[in-house]
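Data first, discussion second: the structure below is written as structure tokens.
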Amino acid sequence: MNEPIFHYYGNKAGVEGADQIKQVIDDATRGSEYYKRQQEKRQQVLQKVNKMQMELDSYKNNEQKIKETKEIIQNKVKEFQINTDRIWAHFDMDMFYVACELLDKPELKDKPVAVGQTIVSTANYVARKFGVRSAMPGFVAKKLCPEIIFIPCHFEKYKSVSNIFMTILKKYDDNLESMGLDEANLDLTEYINNSQEDPAILCENIRKDILLATQLTASCGVGPNKMIAKLASEINKPNGLHVVEQSATAVLNFLEKLPIRKIPGIGNITEQILSGLNFNTCKDVRDRADELYVIFTPKTFEYIFYSCWGVARNYHVEFEDQHSISCQRTFSSISTQREFEDKVDYIAEKLAEEMQSEEKVGNHLTLIIKTSKFEIRSKSLQLNQYTNQAKQIAIYGKQLLKIMQLDEPIRLLGLKMSSLANEKQIQKQSISTYFKRQIDKSSGQENLVPSIKGSKSHQITEENDSFNKMSLQQQEQSKPDILSDDEASSISNQILSGVNSKSHQSQQQQQQYQQKQQAQPKSFRCPICNKEIDCKGNNTVLNKHIDRCITQQNVIVEQSDESNRNFSGSKIKVPSKIDSKAQKSFNFFKK
DNA sequence: TACATACAC
DNA sequence: CATGGTGTATGTA
């Protein structure tokens, strides 16, 4: 009943103090609304596990079914192969945000430090010994480690370090994929085929380059696909390398004892379910895959199954346009209708700002709230037109508010716009439906549509301006982007078919890099441009050079992105996408 | 389509 | 005293 809520600790982290740590966390948080909600969720998971266990029991009594299912699994095992002809590397900066801050405050190096305020974003290894973790609330971290020093987030700093990091890595794979400022997945196959370098030596050299350029350490994992590389990068973290050799047995060996929780995509809940059914390692999954087949949906089953066999994507996917833009805020609880509406207005403005700066419009709006009991609810609405205007969004948002019938205090409110299109792309449509909407207008919803020139009302004039602005843009005759529809990449699509990567964009550039790369002796060379720097051990000179190099390099990168966009009209990788996502994530730190 | 869940960073 | 924000995929009805 009073079971502590679930906290995940990687097996090498909390070590022997783990129980004590859990106790401290529990004492610090017991009784809060958040804690109560977590307990409820925990109970729900346990019920789900019970239900699954019953299904499993009945399965185990049905010999015929067992036979059939095991046959299906056998066939699946025969069908796939662990494709080892590609070489991937995953680079991951160690405790990135804290590490960046420590550059400016080296005296804190051996003290427990965390970046973040209400929530720990990153903790250094000193703090981690106390049990401090990412996503932990600040007050809990303080309980665990009263000495801990909190540093507020300085996003720009991290972004510029990240630029250096990414610039170095792009020399080896121009199409690198990244899920955050501090990590990147590289397909090194082409590079290594050309240079014939040993992957381990190459990656150690890259890590040295990163250290030289940023003064920070990165960990690296190497393997035949993206997932294995990522998993490998955690083995010798921090400041380490681990290589999983390019063979099926090496992969299977590597995964054998690995806790399922480590597999990207298996999170808190799935781990609880699996461990509740006594699946703990990848080997458990491989050995008893038929049981999972019975209780999970096909997609979930396939994902877990193939991951545990080491089968994952080993080629790059094309960049896809973002599907939604959202904005949400947490605040001290509010409970009156008036307060709700004010929040909607505020969030609508923020959302509109975001959409406009990204030149997007959308026609599907979702209102999200969190009650003070931490229950999340949402209502959504298909709009009758595309918009990115704060006033329109606010009007729709308030409609959703009504539909939701809120009668209890809330601590969070957000708006999400989906079904996005480029502002420019819908102009034609705007024009063609313009007169139709004038008719709609006369039937009541006049605030929702632009009006004709010369209208007298203040509100309408403003909206008229935005319409004119769009018309002007249309005259520029920019090419409309084509929305992708059939590229919906289901997990199974991604993990199956170990076929080739897309052709790389600039082979010339790569060859150029290789030539330079090969000729490098030991002395100081710039990790960005590969030129020899005669700095006589003076780091400042080197750093200044590197800074200049980065700036130049970035200009080049941006230009090439831009020309690609205009040239092909297809999706390209846009590193700035993730930048802006992370930027937005941390806006709330600034206040 | 609408809503809820799970996940990653 | 007390647990964030952005975006994606998937399951279910």
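As the structure is a prediction and not an experimental result, all values here were calculated from the model. Below, chain A is the first sequence line, B the second, and so on; all start at residue 1.
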Next on the checklist: Of the options B:dC7, C:dG4, C:dT10, whose atoms approach the side-chain atoms of A:Ile119 most closely?
Outcome noted: C:dG4

Checklist entry - A:Ser324 side chain N/O closer than 4.0 Å to the phosphate oxygens (OP1, OP2) of C:dG7? => result no

Item to check | Spacing between A:Glu320 atom CD and C:dA9 atom P, to the nearest angstrom | outcome: 7 Å

Checklist entry - Listed by chain and number, what are the side chain to side chain contact (heavy atoms under 4.5 Å, CB included) partners of A:Leu241, not counting sequence neighbours? => result A:Ala200, A:Cys203, A:Glu204, A:Arg207, A:Cys220, A:Val222, A:Val243

Item to check | Residues which pass side chain to side chain contact (heavy atoms under 4.5 Å, CB included) with A:Lys230, listed by chain and number, not counting sequence neighbours | outcome: A:His90, A:Glu183, A:Pro264

Next on the checklist: Does a side-chain N or O of A:His364 approach OP1 or OP2 of B:dT1 to a distance below 4.0 Å, or not?
Outcome noted: no

Checklist entry - If you check the A:Thr29 side chain, which of B:dA8, B:dA4, C:dT3 turns out closest? => result C:dT3

Next on the checklist: Strictly below 4.0 Å: does A:Ser380 bring a side-chain N or O up to OP1 or OP2 of B:dT1?
Outcome noted: no

Next on the checklist: Applying a 4.0 Å non-hydrogen cut-off, can you work out what A:Ala135 is touching in the nucleic acid: base, sugar-phosphate, or nothing?
Outcome noted: base

Checklist entry - Do A:Thr300 and A:Thr297 get their side chains close enough for a donor-acceptor pair, meaning under 3.5 Å? => result yes

Item to check | Nearest-angstrom distance from the residue atom CD1 of A:Ile369 to P of C:dG5 | outcome: 14 Å

Checklist entry - Can you tell me if the side-chain N/O atoms of A:Thr118 get under 4.0 Å from OP1 or OP2 in C:dA2? => result no

Next on the checklist: Within the 4.0 Å heavy-atom criterion, would you say A:Ser134 contacts the bases, only the backbone, or no part of the nucleic acid?
Outcome noted: nothing

Checklist entry - How are the rings of A:Phe80 and A:Phe305 set to each other: parallel, tilted or perpendicular (split at 30° and 60°)? => result perpendicular

Checklist entry - Should A:Lys379 be listed as having a side-chain N or O under 4.0 Å from OP1 or OP2 of B:dC3? => result yes

Next on the checklist: So does A:Tyr158 get a backbone contact from the side chain of A:Ser162, meaning a donor-acceptor N/O pair under 3.5 Å?
Outcome noted: no

Next on the checklist: Of the listed nucleotides (C:dT8, C:dG5, B:dC9), which one gets closest to any side-chain atom of A:Gln322?
Outcome noted: C:dT8

Item to check | Phosphate OP1/OP2 of B:dA6: any A:Thr270 side-chain N/O under 4.0 Å | outcome: no

Item to check | Nucleotide nearest A:Ile269 when distance is taken to its side chain, options B:dC7, B:dA4, C:dT10 | outcome: B:dC7

Checklist entry - So, A:Glu354 and A:Lys360, do they make that salt bridge, N to O below 4.0 Å? => result no

Next on the checklist: For a quick check of understanding: with a heavy-atom distance under 4.0 Å over all strands, which category does A:Glu183 fall into, base, sugar-phosphate or nothing?
Outcome noted: sugar-phosphate

Checklist entry - Considering only B:dC3, C:dT3, B:dC9, which nucleotide approaches the side chain of A:Lys230 most closely? => result B:dC9

Item to check | Residue A:Gln328, side-chain atoms from C-beta onward, closest of C:dA2, B:dC7, C:dT6 | outcome: C:dT6

Checklist entry - Per the side chain to side chain contact (heavy atoms under 4.5 Å, CB included) rule, which among A:Arg37, A:Gln38, A:Gln39 passes with A:Tyr35? => result A:Gln39

Checklist entry - Roughly how many Å is it from CE in A:Met179 to C1' in C:dG7, rounded to a whole number? => result 10 Å

Next on the checklist: Can you work out whether A:Arg411 or A:Lys416 has the more 5'-proximal nearest nucleotide on DNA chain C?
Outcome noted: A:Arg411

Next on the checklist: Whether A:Thr297 contacts C:dG11 is assessed here as follows: a side-chain N or O lying under 4.0 Å from the phosphate OP1 or OP2. Is that the case?
Outcome noted: yes

Checklist entry - Does a side-chain N or O from A:Lys142 land closer than 4.0 Å to OP1 or OP2 of C:dA2, or not? => result no

Checklist entry - Base, sugar-phosphate alone, or nothing: which one does A:Lys370 contact when heavy atoms must sit under 4.0 Å apart? => result sugar-phosphate

Checklist entry - Rounded to whole angstrom units, what separation is found between the CD1 atom of A:Ile376 and the P atom of B:dA2? => result 20 Å

Next on the checklist: What is the separation between atom CG on A:Leu415 and atom P on C:dT6, rounded to the nearest whole Å?
Outcome noted: 11 Å

Next on the checklist: Whole angstroms only, please: what is the CZ-C1' distance between A:Arg30 and C:dC1?
Outcome noted: 16 Å

Item to check | Rounded interatomic separation in angstrom, taking CG from A:Asn185 and C1' from B:dA8 | outcome: 13 Å

Checklist entry - Just to confirm, is there a sub-4.0 Å distance from OP1 or OP2 of C:dA9 to any side-chain nitrogen or oxygen of A:His323? => result yes

Checklist entry - Could you give the CZ-to-C1' distance, from A:Phe301 to C:dT10, as a whole number of Å? => result 17 Å

Checklist entry - When you check the phosphate oxygens OP1 and OP2 of C:dG5, does a side-chain N or O of A:Thr330 lie under 4.0 Å from one of them? => result yes

